[in-house]
Amino acid sequence: MSKEIPSRYDPSATEDKWYAFWLENKFFKSVPDGRKPFTIVIPPPNVTGVLHMGHMLNNTIQDVLVRRARMLGFNACWVPGTDHASIATEAKVVRKLREEGIKKSDLSREDFLEHAWDWTRKHGGIILEQLKKLGASCDWDRTRFTMDEKYYDSVIDVFIDLHKKGKIYRGERMINWDPAARTALSDEEVLYKEVNSKLYFVRYEIAGNKNEFVTIATTRPETILGDTAICIHPKDERYKHLHGQRAIVPIINREIPIITDEYVEMEFGTGCLKVTPAHDPNDFVLGEKHKLEIVNMMNDDGTVSAAGQVYVGLDRFKARKKIAEDIEKLGQLVRVEELQNKVGFSERTDVQIEPRLSLQWFVDMKELSKPALENVMNDNIRFFPPKFKNSYRNWMENIRDWCISRQLWWGHRIPAWYAPDGSFAVAKTKEEAYSQLAAHDPKLNANNISQDTDVLDTWFSSWLWPISVFDGFYKKDEVDYYYPTNDLVTAPEIMFFWVARMIIAGYEYRGELPFRNVYYTGIVRDKQGKKMSKSLGNSPDPLELIAKHGADGVRVGMLLSSPAGNDLLFDESLCEQGRNFANKIWNAFRLVNGWNVEDIPQPESSRIAIEWMNSKFDSDLVELNDDYEKFRINEALMTTYKLVWDDFCAWYLEMIKPVFGQPMDKQTFESTVEIFEKLLKVLHPFMPFISEEIWHYIRERQSANESICIAPWPEVRNVNAVLLSDFNSFAEVVIAIRNVRKENNIANKEKLNLVVKAATALKKTFDASLAHLCNLSAIEYTNEKPANAFSFIVESSEYFIPFTANVDVEAEKKKIAEELNYTRGFLKSVEVKLTNERFVNNAPALVLESERKKQNDALSKIKVLEEKLSALN
RNA sequence: GGGAGCAUAGCUCAGCUGGUUCAGAGCAUCUGCCUUACAAGCAGAGGGUCAUAGGUUCGAACCCUAUUGCUCCCACCA
């Protein structure tokens, strides 16, 4: 029978089969019913993205949680979906069109969107198909997309609602401008990099005094064209004479005031700061404070604007070079220094960010964010690991308004309409907007109003995800059942982008938290500690990994060393370990499957082994449930791993295994199958495929509904602590006998006698197992010490194995002498404690008692060893 | 600059309320085994001044202080 089953588990033969089986029987489908719900909403990946290692880790964890919840009897619902990812997707579409020779600027908005939808339909959802290979148990009927019609509506309605509440406003702000994508970026989309720059020292002439100059230092001389003041520290003695004077901007000869402000650092550069309110956030603040003129000298593509007066149309970097040369020609360039500074780059296009004054839409976050801060700090929403609460608080306490407009086409178009005079109305339809606008201007022609061309920040749609996936803004039945969701599994990088904002939206629109627990995964890094990414080429292809090691193997590999919030140093050998584990389980199954079961009496050793294994299972199950409770997923896996490999395979199966060729008794077999089933259940969340495969082999399953997916999670029955501790002593004896065999080259086949001189009445619970496992011909209890025997001590009892053949007595003596020496040293350290009056007076009785026991054990052990030594003479 | 965290075996990490365990696991390493489920395996072994220096305590990997090194987040100087 066993010959037909290969000794190596082949995942490729089973995985697709079982995934199809699960889908066919709708085990992942969830509809509201009388059970308690358990809900997870997937962090929606980019619609046109492909699976990377971060997704693998993240979704494996979610699947583990969902599968266990399903087995615990919850109505488990894992909602999948994708995100339209406006900047990333639009960039991809623009690139693709460019390759076809089409420029975005040549297309109408409608035509461009048509291309984008084509692209989305073609590439969208690939990633979801890939997740199926991993075994993800999502309710695929619920797959949502952030630009689905209903979802789209909810985003627009929320915008309108927040506007009505006065939480959304339009304002001129210094924003991060991406001149390549020609769009504003949120602060979070800007990456700062250390670069080598030049610090230019430029002399400005003092107005009315051709021979007097003031020297400033700047890294961006092109912005000189936008200078509207020079600022010095009011207490700076060097420049006291300049207070109230005016200076002349080189090249363009604009006369500007010299102002004083404590913002200026006297130590940096020359202590004189040129002020360009339109092109620097701090200068903008200074400008507002001192009522300075604002000169915007740059176009949205990064070229010099007409307001710059010279170099108009020239790119900013070329203009920088040119103006430096021209200033030098004027003799006003004092010197140039090398400077290392940090410059912002666009996360998407990797071009230098231009701080730019622009009219944008903002969400006023101050009030909205209050419940979101409070309910994380008081653990209504729990973070795992909790250390992230700190940075969350830090961010929330210093929250800034959220710039939500993006100068893109792919996304949710801002529902604002403008009249020719600049007045605007926020409304769901053009008609509504018109009626609002016409109320102020009855002569307004409906054809003359136009919608805002911008779309909303992608996160302005994803922050509604836990509500909108259930159409929670329009109907109650589902959202009331599934919301709040249970666990959110995501990366700490998007704590502010996404997690914080979902919490905000949750309290604003449901008056309630969106999820109870947030599990932050780490970043998947390579062995060198570098972040895995496609661009670095250090990321393995997840699907290839699955093909190579099986989905179960990869899942185990991902989880083996990734405690919450810790980065995972990924190494393919981890997947190998996972695959090896699958193989181990497979072979345990082969053994059980291969037995000849007959109606014969059950050996006592098997009866005890079963009792012990059940007890061990239950005690580990307690631990396992606790690990899950605390989101210590990798520890839960390790507990399971050791339970299966060490306790079940290495000990239990060896204890009940019949001698080769002998039949297995029915009773033991039946119990073993039951134990195996329990093990498969706790394995299932980690290794869904192999557990289902063996589940169907090991017992005949009548109906499709007998899938392990929906089998009830085992319950803790009783933990027999005495039996567990007796087993540990037994195991110690087994190991000691194995050592005797090994050290003396005694073959396993050679039967041995064991003579026991018990210190106290010794329990014989495991004697039959001992004889079975160690190939003993007899176990003898005695008060006499046999001479010429190997011996060892376990818990004050002496064990002897009489010499069978020629043995090296001298070597044996040496070993005993060493042990004696060690034990004497140990006794001394214990006695030092016990003779310390302060220890004896202060330590709790329990501790004192244990030290005394150690002392007694050591004393008797020394006595025994001394006797042994003399017996060998 | 502001905030947070980390430092325990070669690697990745446990170690909960200071004391039952003279510091644990998995992997890796080494030794011996193709022993009838499994060499993707079995049986063993070695390996740690718990970053450093002080302090508190009868007792410290754990609490306190300082030092060193690393990581992350936020802000960002012309």
Side-chain angles (χ1 to χ4, degrees), chain A residues 2 5 7-9 187 192 199-200 216-220 223 231 263-265 267-276 280-283 339 341-344 385 387-395 398 492-493 495-496 523 527 529 549 553 560-563 565-569 571 573-574 576-595 630 632 634-635 637-639 641-642 645 649-650 653-654 657 660-661 735 738-739 741-743 745 747-749 822 825-826 829-830 833 836-844 846-851 853-854:
Chain A
S2 63
I5 302 173
S7 71
R8 289 194 179 183
Y9 170 63
D187 292 339
Y192 286 88
L199 187 62
Y200 299 84
I216 59 90
T218 179
T219 50
R220 301 172 60 209
T223 62
C231 189
Y263 162 74
V264 178
E265 271 185 50
E267 289 75 31
F268 190 90
T270 59
C272 296
L273 172 72
K274 69 184 211 54
V275 185
T276 323
D280 182 279
N282 296 308
D283 289 11
L339 177 81
N341 66 342
K342 278 186 176 174
V343 177
K387 66 176 178 187
F388 286 113
K389 280 167 75 177
N390 288 322
S391 41
Y392 181 82
R393 179 174 59 202
N394 206 285
W395 193 76
N398 300 296
E493 298 128 82
M495 183 160 72
F496 309 127
I523 297 166
K527 263 184 123 178
H549 307 290
L560 268 174
S561 76
S562 53
N566 272 28
D567 288 358
L568 167 71
L569 292 177
D571 182 352
S573 67
L574 290 168
E576 265 171 52
Q577 198 186 337
R579 176 204 62 181
N580 293 354
F581 185 39
N583 205 45
K584 184 73 189 177
I585 300 164
W586 183 249
N587 277 293
F589 156 66
R590 282 179 66 225
L591 175 67
V592 173
N593 186 59
W595 282 328
K630 294 176 174 140
R632 295 156 70 136
N634 63 320
E635 301 219 10
L637 173 59
M638 194 44 75
T639 302
Y641 182 90
K642 286 192 279 191
W645 199 309
C649 293
L653 289 178
E654 290 302 330
K657 193 161 136 186
F660 181 70
I735 286 164
R738 281 175 184 162
N739 270 331
R741 278 189 188 273
K742 178 157 174 141
E743 280 168 20
N745 291 318
N748 286 329
K749 281 176 186 159
Y822 175 86
F826 174 75
S829 75
V830 174
K833 269 195 215 172
N836 181 344
E837 261 179 59
R838 286 189 294 185
F839 173 77
V840 178
N841 294 336
N842 291 307
L846 202 67
V847 175
L848 209 60
E849 202 182 303
S850 103
E851 288 301 317
K853 183 171 182 297
K854 276 190 208 166

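Proteins come first, then strands; the chains are lettered A, B, ... in the order of their sequence lines, and each starts at number 1.
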Between [N] and [M], how many Å separate the two [atom1] atoms, rounded to a whole number?
{"N": "rG47(B)", "M": "rA9(B)", "atom1": "P", "answer": "14 Å"}
{"N": "rU29(B)", "M": "rU71(B)", "atom1": "C1'", "answer": "29 Å"}
{"N": "rG48(B)", "M": "rC58(B)", "atom1": "P", "answer": "32 Å"}
{"N": "rU8(B)", "M": "rG24(B)", "atom1": "C1'", "answer": "10 Å"}
{"N": "rA23(B)", "M": "rU52(B)", "atom1": "P", "answer": "16 Å"}
{"N": "rA78(B)", "M": "rG15(B)", "atom1": "P", "answer": "43 Å"}
{"N": "rU49(B)", "M": "rG10(B)", "atom1": "P", "answer": "8 Å"}
{"N": "rU17(B)", "M": "rC74(B)", "atom1": "C1'", "answer": "35 Å"}

Sugar-phosphate only, base, or nothing, as touched by [X] at under 4.0 Å among non-hydrogen atoms:
{"X": "Asn583(A)", "value": "base"}
{"X": "Arg220(A)", "value": "nothing"}
{"X": "Cys649(A)", "value": "base"}
{"X": "Asn282(A)", "value": "sugar-phosphate"}
{"X": "Leu574(A)", "value": "nothing"}
{"X": "Glu635(A)", "value": "sugar-phosphate"}
{"X": "Val592(A)", "value": "nothing"}

Legend entry - Selection from rA78(B), rG44(B), rU36(B) that lies nearest to any side-chain heavy atom of Leu273(A): rA78(B)
Legend entry - Sequence-distant partners of Arg220(A), side-chain hydrogen bond (donor to acceptor under 3.5 Å, both in side chains), two or more places apart: Glu354(A)
Legend entry - Toward the 5' end of RNA chain B, by each residue's nearest nucleotide, Thr218(A) or Glu493(A): Glu493(A)
Legend entry - Upstream residue (5' side of RNA chain B) when Gly661(A) and Asp283(A) are each assigned their closest nucleotide: Gly661(A)
Distance below 4.0 Å between [X] side-chain N/O and [N] OP1 or OP2:
{"X": "Arg738(A)", "N": "rG44(B)", "result": "yes"}
{"X": "Arg8(A)", "N": "rA40(B)", "result": "yes"}
{"X": "Arg632(A)", "N": "rG15(B)", "result": "yes"}

Would you please name every residue forming a side-chain contact (heavy atoms from CB on, under 4.5 Å) with [X], sequence neighbours left out?
{"X": "Lys389(A)", "answer": "Val376(A), Met377(A), Asp379(A), Phe383(A), Pro386(A)"}
{"X": "Ser573(A)", "answer": "Asp571(A)"}
{"X": "Asn390(A)", "answer": "Arg393(A)"}
{"X": "Ala217(A)", "answer": "Leu199(A), Phe201(A)"}

Applying salt bridge (charged side-chain N to carboxylate O under 4.0 Å, His left out), name anything that partners [X], two or more places apart in sequence or on another chain.
{"X": "Lys584(A)", "result": "none"}
{"X": "Glu493(A)", "result": "Lys531(A)"}
{"X": "Lys642(A)", "result": "none"}

Inset, instruction - Give me the ring orientation class for Phe496(A) and Trp395(A): parallel if the planes are under 30° apart, tilted from 30 to 60°, perpendicular past 60°. - result: parallel
Inset, instruction - Spell out protein contact along nucleotides 24-34 of chain B as letters: B when the base is contacted, S when just the sugar-phosphate is, - when no protein heavy atom is under 4.0 Å; keep the 5' to 3' order. - result: -SSS---B---
Inset, instruction - Could you run through RNA chain B and flag its stems, i.e. three or more consecutive Watson-Crick or G-U pairs with both distances under 3.5 Å? - result: B:1-7 with B:68-74, B:10-13 with B:24-27, B:29-33 with B:41-45, B:51-55 with B:63-67
Legend entry - Sequence-distant partners of Tyr9(A), ring-ring contact (aromatic ring centres under 6.0 Å, His included), two or more places apart: Trp586(A)
What's touching nucleotides 4-9 of chain B from the protein side, N or O pairs under 3.5 Å?
| unit_1 | atom_1 | unit_2 | atom_2 | d |
| --- | --- | --- | --- | --- |
| rA4(B) | O3' | Asn390(A) | ND2 | 3.3 |

Inset, instruction - Keeping the roles fixed (side chain from Asn587(A), backbone from Ser7(A)), state whether a donor-acceptor pair exists under 3.5 Å. - result: yes
